[in-house]
**Student:** 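Here's a structure for you.
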Amino acid sequence: MLITSALISGLGLGSMYGLLALGFYVTYAVSSTVNFAQGSSMMLGAVFAYTFAVTLGWPFWSAAMLALALCALYGVIVEWIAVRPFVRRGSNAWLMATVALGIVADNLVLFTFGKEPRGFVLPWATGSTQVLGVGVSPLQAVIPAIGLGLAAAMHLVSRRTRLGSALLAVVQNPDAARLVGINVPVAISAAFAVSTVFAGAAGILIAPLFNVHSDMGTVFGLKAFAVAILGGITSAWGVMLAGLLFGVVEALTTSLLGSAYTQIVTFSLVIVALAIAPNGIFGRAAVKKV
Amino acid sequence: MRLAPFFALAALFAAALAFTAVANSYYVFVMATLALMAITGMGLNVLLGLTGQVSFGHVAFYALGAYGVAVLTTAAKMSFWVALPLAVLLAALTGALLALPALRVRGPYLAMVTIAFGFIVEHVAVEWRGVTGGQNGIMGIPSPAWFGYSFGERGVALAAIMVAAAVLLGCWRLSNSNWGAAMRAVKDSETAAEAIGLNPVAVKTVAFTLSAACAGLAGALFAPLSGFVTPSTFTFSQSILFVLVVVIGGAGTVTGPLAGAALVVLLPEVLAGLAEYRLLFFGALLLAVLWIAPEGVVGEIARFLGRRRAAAPPRPEREAPPVRPASAVALRVEDLTIAFGGVKAATGVAFSATPASVTSLIGPNGAGKTTVLNMLGGFYRPDAGTIRLGEQALERLPAWRIARAGLARTYQTSQLFGSLSVLDNLVIAQARGRLGRAALPREEREARAEALLAFVGYRADMHARASDLPHVDRRHVEIARALATSPSVLLLDEPAAGLAREDKQRLARLLRRIADAGLAVVLVEHDMSVVMGISDHVVVLDAGTPIARGAPAAVQEDPAVKKAYLGEDHGRPVAHRVASGDLGDNLLDVLALRAGYGAEPVLKGIDFDVRGREMVAVLGANGAGKSTLMRALSGLHRPVQGAIAFDGADLSRLPAHKVVAHGIVLVPEGRQVFPELSVLDNLKLGAFLRKQVPAEEIERMLERFPRLRERLHQRAGLLSGGEQQMLAIARGLMAKPRLLLLDEPSLGLAPQVINDLFAALDRLRAEEATILLVDQMAGLALALADRAYVIDGGAIVASGSAAQIAAAGALEKAYLGAV
């Protein structure tokens with residue numbers, strides 16, 4: 001019973017890690033850079049949604065859509081401010097710059113939103129049904145469904161739409177992409193927007209479970225980064241799979257050993273995994289040239 | 001060493017001590033915090049600033065030091081003076097252990113490992129209640145005592161300041177030592193560091209351990225200072241603050257972390273009312289520093305002051321070439337073979353390089369010459385074959401061991417240690433990787449470096465930063481640095497690339513002198529005048545296999561060599577396809593086009609034109625500028641000077657995606673398909689800018705290139721070379737170009753495939769497409785083209801109808817050098 005319940009919640013959280021990690025994958029594949037403070041994007045999604053849905057009382061779905069639109073805008077801002085100037089210079093400082101921008105965002109929210117965590121209650125998400133003898137809340141079913149659904153949508157979009165093809169082309173061969181008329185800098189900004197939308201969506205989905213506050217994204221984002229790296233940060237399906245695995249392992253550790261050891265075990269596994277496979281479990285090393 | 005900063009710092013520390021001795025307990029705590037931040041920051045600077053490795057988890061070592069002292073002085077009742085070194089040792093050992101997995105990875109991966117470690121330590125502190133006291137931590141940590149005198153908070157603060165001064169001194173000595181230079185070298189170019197005999201893993205591990213020890217030391221002092229330790233002090237954001245201290249102050253400078261710590265600790269005191277906002281402020285400050293002043297406060301000041309220093313050219317006492325090979329051994333290469341993912345880059349390469357000789361490796365583009373050098377230098381491990389230097393087998397050794405055995409090399413793009421001065425580049429190379437006690441005192445090493453610089457002809461400032469040097473000087477300094485390791489063999493990869501004529505001749509004479517001094521010189525070079533002028537022995541590679549070897553004159557006459565470079569002479573009559581009256585107006589007009597990388601332009605003022613419905617060939621040897629020309633026309637290479645007039649519009653300032661919109665489409669060198677997409681998707685992407693693509697067009701394209709039809713839904717990366725080339729051309733045609741540019745379409749293709757390819761181009765010609773073709777297969781290109789230009793050294797040296805160019809000797813001269 002305990003295992004089943006752990007599996008279910010693990011899949012749910014794991015799909016959220018996977019969503020955030022997909023965001024890392026998209027930007028890394030297109031530009032070899034990431035928004036290291038992806039957790040802040042997740043937090044912003046939840047905060048925006050809360051502000052529109054609870055503070056202003058708008059209907060949930062319009063609040064969520066507007067929140068995601070603002071997240072997309074934030075993604076473009078991150079790329080313009082914290083990534084592009086450094087890539088242009090050929091420097092790696094984007095790693096620290098995105099962290100700095102994340103700190104700024106977290107603290108701005110802290111001072112406007114307040115220090116108190118706010119509960120985000122969704123009326124349709126309360127109550128529970130029995131599945132395999134275990135009590136499951138609707139949210140625990142909806143989260144993995146939406147998470148995997150978004151991942152599948154991304155897969156479809158990338159193959160059926162013009163923007164999707166453009167992003168795929170830039171990932172596989174940036175020069176050739178330019179030569180068919182694709183505007184690569186715009187594609188990179190779009191990739192960052194997509195990644196923050198995913199993060200924001202994950203934030204909105206877990207807000208009812210974890211409460212909304214300015215710090216909610218930090219650890220989540222770091223774990224998602226670990227997931228992205230383990231999944232090989234060069235493979236979209238690897239990343240999603242790694243997310244699900246990570247979530248399940250975390251949930252199982254919590255139910256078997258108690259929540260105390262969860263962080264220790266999961267982060268130790270990350271270090272061990274990277275020691276064994278420096279390019280991630282699913283990734284491939286590029287051929288070096290000199 | 002300049003004395004002024006030394007005295008200023010001494011005065012600063014004295015003032016700090018005096019202030020702490022009399023201030024009230026609040027300010028005592030502030031000063032102590034400043035000192036501890038500075039100590040941690042200086043340690044992290046060794047890792048982040050000197051060695052260039054990022055760590056977001058250093059709070060873990062700080063915690064280890066603090067908890068170490070706390071546990072040992074309370075539970076184990078040890079004296080502080082015993083507990084301190086033990087705690088520091090704990091932090092250092094943990095750092096060394098973590099370095100093992102951490103340093104196999106780099107960049108974001110390394111950041112992840114350090115973050116994970118930070119979290120692990122924080123949570124272990126919470127969970128291991130028996131030892132660490134859990135969330136409540138450990139209280140009542142006794143103050144250190146010395147002969148009955150209890151330090152108290154003030155005493156610890158004073159001690160911390162003195163320790164900070166000691167650490168500063170240590171960091172200053174490290175920065176100026178061999179180890180410091182080695183760390184900077186590894187940061188600037190790990191490849192070049194290995195090539196001078198440094199073991200990057202060892203260097204990075206030492207840096208990691210030192211930085212962990214410093215953080216541990218600061219933590220060990222923190223414990224008695226605050227009297228208690230709890231896990232809530234050692235959070236992730238503390239690690240970020242440490243990074244902040246280093247970056248704001250100036251990563252890589254000695255006093256930077258001191259300034260950074262002062263800013264981070266004192267600024268909130270000054271802006272007391274805004275203390276709540278300090279994290280927000282620091283985040284914004286970090287961003288601002290990264291944008292505007294990436295070298296940090298101290299770094300920018302140092303750079304500003306550095307500009308005023310007078311230049312110091314080398315002035316050696318000796319004039320004789322100071323090159324002495326360690327021992328006279330020959331390099332023997334046998335049956336060297338390597339394949340990358342199914343593509344054979346080199347097969348059965350064999351040659352000998354004897355002392356006091358120049359052996360040149362030549363061959364057309366893609367022949368595998370740099371791959372061979374990379375195998376010799378240890379950058380790649382060959383799949384088969386042996387490399388012997390005298391008696392020693394090198395083929396399985398890592399690059400740094402090969403360098404220590406006496407093999408030195410230079411690179412196609414110079415890999416100097418940019419942040420070191422020219423002189424320091426050579427001084428660190430002399431150590432040949434052994435960083436312990438130097439064999440010679442520093443003055444002697446510097447004198448030897450000066451003599452080497454003079455020998456290679458470097459006449460500019462010795463203390464200039466290597467990254468500021470112009471192209472020619474970079475080449476010379478790189479050669480001098482290679483010589484500084486006292487090698488027996490010197491490998492050079494296209495050293496003449498990008499040099500003007502006189503500089504090339506000077507370089508050739510230099511290489512000859514190096515060989516005459518007793519070294520075995522192995523040279524990969526495109527410029528035939530250099531190669532033929534100084535070589536004793538020439539080896540010709542084509543598609544990875546040796547096809548000829550011998551004295552330069554013999555190789556020049558070898559028909560196999562000529563065929564490899566110039567292609568088959570098909571003997572077909574070259575006929576004008578199009579009568580002049582049928583030609584369109586000038587479609588493309590290029591005027592005074594200049595383009596280049598760095599100081600020396602690759603294209604030095606090209607004028608040519610292409611008329612509608614014409615096929616024009618551009619021929620020339622490698623390094624002549626053909627590819628640069630194509631990249632410049634297509635918009636991939638920007639900026640360029642001059643004009644590219646296409647049907648009335650000047651495209652010289654437009655980026656590639658806008659050039660495509662005007663109707664110029666480039667089929668780039670090396671096919672460049674989208675490997676994970678299907679053939680069909682590749683074709684559709686070709687029409688990216690066109691809104692509607694009727695299915696009949698794709699059908700017509702498949703009729704033109706029938707081989708693609710069978711593979712329509714396969715991943716493009718799995719196609720053969722020839723099929724990929726067809727696909728790339730088809731993709732280009734899908735955009736309905738008004739001018740099609742083809743860059744080396746025959747490269748790497750089998751002869752039969754090349755014939756099919758040129759047949760397809762012939763059909764395009766017949767359909768009155770306008771084509772500009774660059775190819776090494778000069779014979780075939782001339783058989784198809786109406787007109788041709790020959791480029792040599794970035795300028796057009798011959799132009800005319802295809803028949804005229806085929807007849808004259810201009811081609812052979814350009815490709816193989818004057819006979």
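Below, chain A is the first sequence line, B the second, and so on; all start at residue 1.
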**Student:** With a 4.5 angstrom heavy-atom cut-off, is it the side chain or the backbone of B/Leu373 that approaches chain A, or both, or neither?
**Tutor:**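 Contact with chain A involves no heavy atom of B/Leu373 at all.
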**Student:** Considering only heavy atoms, which portion of B/Phe56 lies under 4.5 Å from any heavy atom of chain A: side chain, backbone, both, or neither?
**Tutor:**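 Interface part for B/Phe56: side chain.
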**Student:** Minimum heavy-atom separation for A/Asn173 to B/Gln672, with atom names?
**Tutor:**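 The pair with the smallest heavy-atom distance is ND2-OE1, 2.8 Å.
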**Student:** If you compare all heavy atoms of B/Trp291 against all heavy atoms of A/Arg89, which two are closest, and at what distance to 0.1 Å?
**Tutor:**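 B/Trp291 and A/Arg89 have their closest heavy atoms at O-NH2, 2.5 Å.
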**Student:** Measuring heavy-atom distances to chain A, does B/Arg671 have an atom under 4.5 Å in its side chain, in its backbone, in both, or in neither?
**Tutor:**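 Answer is neither: B/Arg671 stays 4.5 Å or more from chain A.
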**Student:** Side chain, backbone, both or neither: which part of B/Val247 has an atom under 4.5 Å from a heavy atom of chain A?
**Tutor:**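 B/Val247 touches chain A through side-chain heavy atoms alone.
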**Student:** Does any backbone or side-chain atom of A/Leu110 lie under 4.5 Å from a heavy atom of chain B? Answer side chain, backbone, both or neither.
**Tutor:**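 Nothing of A/Leu110, per the 4.5 Å heavy-atom cut-off to chain B.
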**Student:** Show, in sequence, the C-alpha distance, side-chain angles and deciding distance for B/Ile120 and A/Gln263, and conclude whether the side chain to side chain contact (heavy atoms under 4.5 Å, CB included) test is met.
**Tutor:** CA-CA 7 Å; B/Ile120 291 175; A/Gln263 312 282 45; over 6 Å; no
**Student:** Answer yes or no: is there a side-chain heavy-atom contact under 4.5 Å between B/Tyr277 and A/Asn107?
**Tutor:**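 The answer is no; the side chains never approach within 4.5 Å.
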**Student:** Are side-chain heavy atoms of B/Leu287 and A/Leu101 found at a separation under 4.5 Å?
**Tutor:**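 With C-beta onward as the side chain, the pair touches.
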**Student:** What part of B/Ile115 lies closer than 4.5 angstrom to a heavy atom of chain A: side chain, backbone, both or neither?
**Tutor:**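 Contact with chain A is through the side chain of B/Ile115 alone.
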**Student:** Where do B/Gly686 and A/Val180 come nearest, in terms of heavy atoms and distance?
**Tutor:**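 Scanning both residues, the minimum pair turns out to be CA-CG1, 4.1 Å.
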**Student:** Could you check if a side-chain atom of B/Arg631 sits within less than 4.5 angstrom of a side-chain atom of A/Asp175, using non-hydrogen atoms only?
**Tutor:**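 With C-beta onward as the side chain, the pair touches.
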**Student:** Considering non-hydrogen atoms only, spot the tightest contact between B/Leu290 and A/Ala93 and give its length.
**Tutor:**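 Closest pair (atom of B/Leu290, atom of A/Ala93, distance): CD2-CB, 3.8 Å.
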**Student:** Check whether A/Thr266 gets within reach of chain B through its side chain, its backbone, both or neither, counting any heavy atom under 4.5 Å.
**Tutor:**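 No part of it gets close to chain B.
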**Student:** Among all residues two or more places apart in sequence or in another chain, which pass the side chain to side chain contact (heavy atoms under 4.5 Å, CB included) test with B/Asp743?
**Tutor:**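 Result, side chain to side chain contact (heavy atoms under 4.5 Å, CB included) vs B/Asp743: B/Ser627, B/Met630, B/Leu666, B/Glu669, B/Val774.
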**Student:** Applying ring-ring contact (aromatic ring centres under 6.0 Å, His included), name anything that partners A/Phe220, two or more places apart in sequence or on another chain.
**Tutor:**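 ring-ring contact (aromatic ring centres under 6.0 Å, His included) check on A/Phe220 returns A/Tyr17.
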**Student:** Contact part of B/Val124 toward chain A, heavy-atom cut-off under 4.5 Å: side chain, backbone, both or neither?
**Tutor:**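 Both parts, heavy atoms under 4.5 Å.
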**Student:** Counting only non-hydrogen atoms closer than 4.5 Å, does B/Ile240 touch chain A with its backbone (N, CA, C, O), its side chain (CB onward), both, or neither?
**Tutor:**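 The side chain, not the backbone.
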**Student:** Between B/Phe119 and A/Phe267, what is the ring plane arrangement, given parallel below 30°, perpendicular above 60°, and tilted in between?
**Tutor:**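 Answer is parallel, since the angle falls under 30°.
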**Student:** Would you indicate whether the side-chain heavy atoms of A/Val184 and B/His657 approach each other to under 4.5 Å?
**Tutor:**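 No, their side chains stay 4.5 Å or more apart.
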**Student:** So, A/Arg162 side chain and B/Phe688 main chain: donor-acceptor pair closer than 3.5 Å or not?
**Tutor:**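 Between the backbone of B/Phe688 and the side chain of A/Arg162 there is a qualifying donor-acceptor contact (under 3.5 Å).
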**Student:** Can you say whether B/Phe281 sits under 4.5 Å from chain A via the side chain, the backbone, both, or neither, judging by heavy atoms?
**Tutor:**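 Answer is neither: B/Phe281 stays 4.5 Å or more from chain A.
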**Student:** Please step through side chain to side chain contact (heavy atoms under 4.5 Å, CB included) for the pair B/Asp681 and A/Leu168, ending with a clear verdict.
**Tutor:** CA-CA 11 Å; B/Asp681 286 332; A/Leu168 276 183; over 6 Å; no
**Student:** For B/Ala661, which atoms come within 4.5 Å of any heavy atom of chain A: side chain, backbone, both, or neither?
**Tutor:**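 Looking at B/Ala661, nothing touches chain A.
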**Student:** Side chain from CB out, backbone as N, CA, C, O: work out which of these in A/Val99 comes under 4.5 Å of a heavy atom of chain B, or both, or neither.
**Tutor:**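 Side chain only.
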**Student:** Please rank A/Leu108, A/Ile103, A/Leu179 by heavy-atom pairs under 4.5 Å with chain B and give me the top one.
**Tutor:**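 When all of A/Leu108, A/Ile103, A/Leu179 are compared, A/Leu179 has the most.
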**Student:** As an exercise: rank A/Ile182, A/Val171, A/Asn92, A/Leu95 by heavy-atom pairs under 4.5 Å with chain B and give me the winner.
**Tutor:**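 Heavy-atom pairs under 4.5 Å are most numerous for A/Ile182.
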**Student:** Could you look at A/Asn183 and say if it's the side chain, the backbone, both or neither that has a heavy atom under 4.5 Å from chain B?
**Tutor:**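 For A/Asn183, heavy atoms of backbone and side chain both lie under 4.5 Å from chain B.
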**Student:** Which heavy-atom pair separates B/Phe674 from A/Gln172 by the least distance, and what is that distance?
**Tutor:**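 Closest approach of B/Phe674 to A/Gln172, heavy atoms only: C-OE1, 3.3 Å.
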**Student:** Are B/Leu280 and A/Asp106 side-chain neighbours, meaning at least one heavy-atom pair lies under 4.5 Å?
**Tutor:**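 Side chain of B/Leu280 against side chain of A/Asp106, heavy atoms only: no contact under 4.5 Å found.
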**Student:** Of all of B/Phe117, B/Phe282, B/Phe236, which one pairs up most often with chain A through heavy atoms under 4.5 Å apart?
**Tutor:**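 Top count of heavy-atom pairs under 4.5 Å with chain A: B/Phe236.
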**Student:** Locate the shortest heavy-atom distance separating B/Gly283 from A/Val104; write the atom from each residue and the value.
**Tutor:**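 It is C-CG2, 3.6 Å.
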**Student:** Tell me which of these, A/Val270, A/Leu222, A/Val265, A/Val272, has more heavy-atom pairs under 4.5 Å with chain B than the rest.
**Tutor:**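 Top option by heavy-atom pairs under 4.5 Å: A/Leu222.
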**Student:** Need one label for B/Val673: side chain, backbone, both or neither, based on atoms under 4.5 Å from any heavy atom in chain A.
**Tutor:**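 Contact with chain A involves the backbone of B/Val673 alone.
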**Student:** Among the options A/Ser268, A/Ser91, A/Ala82, pick out the one with the most heavy-atom pairs lying under 4.5 Å from chain B.
**Tutor:**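 The answer is A/Ser268.
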